[in-house]
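Please read the structure below before turning to the comments.
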Amino acid sequence: MEHPLGLSPAKIIAVHLNYRSRAAERGRLPAPHPTYFLKPSSSLSWSGRPVVRPAGCELLAFEGEIAIIIGTRAHRVSREKALGHVLGYVAANDFGVYDFKHSDGGSNLRAKGQDGFTPVGPAIVWAADADPENLLLRTYVNGKIAQEARTDELLYPFDLLIADLSRMMTLEPGDIILAGTPAGSTVVQPGDVVEVELENAGRLSNKIVTEETPIPPYGAQPQVDEKTRALAYGSVPPPPVLPDDVAATLRSVSTATLSARLRGHGIDHHFIEGVRPARPDLRMVGVARTLRYVPLREDVFKKIGGGMNAQKRTIEEIRPGEVLVIEARGDHGAGTLGDILALRALRRGAAGVVTDGGLRDSPSFGKLDMPAYYAVAHASVLGRRHVPLESQVPVACGGVLVMPGDVLVGDAEGVVVIPPALVAEIAQEAAAQEREERFIYQQVDGGASIDGLYPLGPRRRREYEEWKEE
């Protein structure tokens, strides 16, 4: 049966990972270059046709995507000329059954290559009418939004994908490139309706049904374990960076002690300057999730600053135990976060917030059971001075470089940043130093001279060792 849009691709090429939000959701750092897999042309489908979950399977997942349709032959084209080979863009859904992931060895052939697993439609946004850097993609499940992203969030823009692929193969007219999916992909059930909307091109709509005929007994069979189930539902936890025992030790020591230990390891630039706690009574220990603001430019804010922007997406991606670190360039002329978004971060399990800019609704932060560190209180919204640009990138906060995954510890004095590779060692050293300092404090409090005591000399160290044993 002919596709309503007249599409008949010789090949369908899909990108493995191409949205920052998806990488963050998966707990993965972006690769230095895109990677791909092929889907057979027999998987092509269109709006209104059912998507069939095979018998015996439980983990059918959607992935709303933008399909790039090649218009003219492209072979070894440059990035500068790549978009000139595009006919247009259209909504697509890259369905897959995780029940067959175990058998594919990374090819996704059984998981994503089944008949009808690549619906595309209902209308094309012609290349001449499109801004490929600002296309809005949304996915709905039973009428409720599940995914939303603009193409400014892409790790690898469309021109790079085309140029990269055309180095090794010829892209023919009608070929389709699936440009990846943002965060929010999950499992759907028979009876669910999944719609993918590309701005100005309508909604691609497909209902999920189940196959009644059993899968023949030869060949790979559906297989699911807890790891596969978590991956399908989008709830895979990131690899542990901060073990519970290390976190407990960090909560027991001061930032002043941690600062001394970091200096001992040659890390001098680690204390976030110019911020104060909204709740001095709370301790903060967590792993950095970064968010970068750039200076306001009105046309750019109009393009990417509204709606589900980088700030709001980052809040919705926060995992338990993470600290939101906002780079505001030390600009105190606007708020960078308000109490509603902070509350949402807290409900998602955030361990704290750090910004070198302003906080809106700052009195409310004094009532939230979440540590927050900020430079100033400011009633204005961020759009007065900032454009929220991107997340999970290196940021500068209070004069300190913060990398995604760095460990942050905060107390009433301030916030220190610890490289993950050093955190266990730093924690152990800090605990040992504070034991010594408790002994010294007790001795000084009892009238002892600091001579030979601070720092500990040989004689007083013997006394300390005896005290420690007791």
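All residue numbers refer to positions in the sequence shown, counting from 1.
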Can you check whether [X] reaches [Y] side chain to side chain, under 4.5 Å on heavy atoms?
X      : Y      : result
Lys11  : Ile176 : no
Leu408 : Tyr373 : no
Val246 : Leu250 : yes
Gln147 : Ser185 : yes
His16  : Asn108 : yes
Ile426 : Val423 : no
Leu161 : Asn18  : yes
Arg348 : Glu317 : no

Strictly distance-based, threshold 3.5 Å: is any side-chain N or O of [X] a donor or acceptor partner for the main-chain N or O of [Y]?
X      : Y      : result
Arg384 : Gly333 : yes
Glu153 : Ser21  : yes
Arg110 : Ser103 : yes
Thr290 : Ser391 : no
Glu327 : Gly398 : no
His102 : Gln221 : yes

* Ring geometry between Phe95 and Phe117 (parallel below 30°, tilted from 30 to 60°, perpendicular above 60°) -> tilted
Rounded to the nearest 0.5 Å, what separates atom [atom1] in [X] from atom [atom2] in [Y]?
X      : Y      : atom1 : atom2 : result
Glu199 : Thr151 : CD    : OG1   : 9.5 Å
Thr210 : Glu58  : OG1   : CD    : 11.5 Å
Leu87  : Ile70  : CG    : CD1   : 9.0 Å
Ser166 : Arg73  : OG    : CZ    : 10.5 Å
Ile340 : Arg344 : CD1   : CZ    : 12.5 Å
Arg203 : Ser47  : CZ    : OG    : 11.0 Å

* Quick one: do Leu262 and Ile418 satisfy side chain to side chain contact (heavy atoms under 4.5 Å, CB included)? Show the steps, please. => CA-CA 8 Å; Leu262 283 162; Ile418 308 174; 4.1 Å; yes
Which pair of non-hydrogen atoms, one from [X] and one from [Y], has the smallest distance, and what is that distance?
X      : Y      : value
Thr228 : Tyr98  : CG2-O, 3.5 Å
Leu137 : Val196 : CD1-CG1, 3.6 Å
Val402 : Cys397 : CG2-CB, 4.5 Å
Ala179 : Tyr19  : O-CE1, 4.0 Å
Thr355 : Ala328 : OG1-CB, 4.2 Å
Val323 : Gly286 : CG2-CA, 3.7 Å

* To do: Just do the side chain to side chain contact (heavy atoms under 4.5 Å, CB included) check on Ile162 and Val86 with the steps written out, would you?
  => CA-CA 9 Å; Ile162 295 167; Val86 174; 3.4 Å; yes
* Val51 pairs by side-chain contact (heavy atoms from CB on, under 4.5 Å) with which of Asn206, Asp192, Val209? -> Asn206
* Val407 pairs by side-chain contact (heavy atoms from CB on, under 4.5 Å) with which of Leu258, Leu242, Val416? ->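 Exactly one candidate clears the test, Leu242.
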* **Centroid-centroid under 6.0 Å between Tyr89 and Phe158 rings** => yes
Any ion pair linking [Y] and [X] (charged N to carboxylate O, less than 4.0 Å)?
X      : Y      : value
Lys303 : Asp152 : no
Asp225 : Lys227 : no
Arg229 : Glu226 : yes
Arg138 : Glu197 : yes

* With Thr118, which of Ser42, Ser43, Ser45 fulfils side chain to side chain donor-acceptor pair (under 3.5 Å)? ->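 Per the side chain to side chain donor-acceptor pair (under 3.5 Å) rule, the option paired with Thr118 is Ser43, out of Ser42, Ser43, Ser45.
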* More than 12 non-hydrogen atoms from neighbouring residues, nucleotides or ligands closer than 6.0 Å to CZ on Arg79, yes or no? -> yes
* Is there a donor in the side chain of Tyr156 and an acceptor in the side chain of Asp164, or the other way round, less than 3.5 Å apart? ->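 No.
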* **Exercise: do Ser259 and His270 side chains pair donor with acceptor under 3.5 Å** => yes
* Could you go through the side chain to side chain contact (heavy atoms under 4.5 Å, CB included) check for Leu198 and Ile66 one step at a time? => CA-CA 7 Å; Leu198 179 60; Ile66 297 173; 3.9 Å; yes
* Would you sort out whether Leu389 and Ile304 count as a side chain to side chain contact (heavy atoms under 4.5 Å, CB included), showing the intermediate values? => CA-CA 8 Å; Leu389 183 67; Ile304 67 171; 3.9 Å; yes
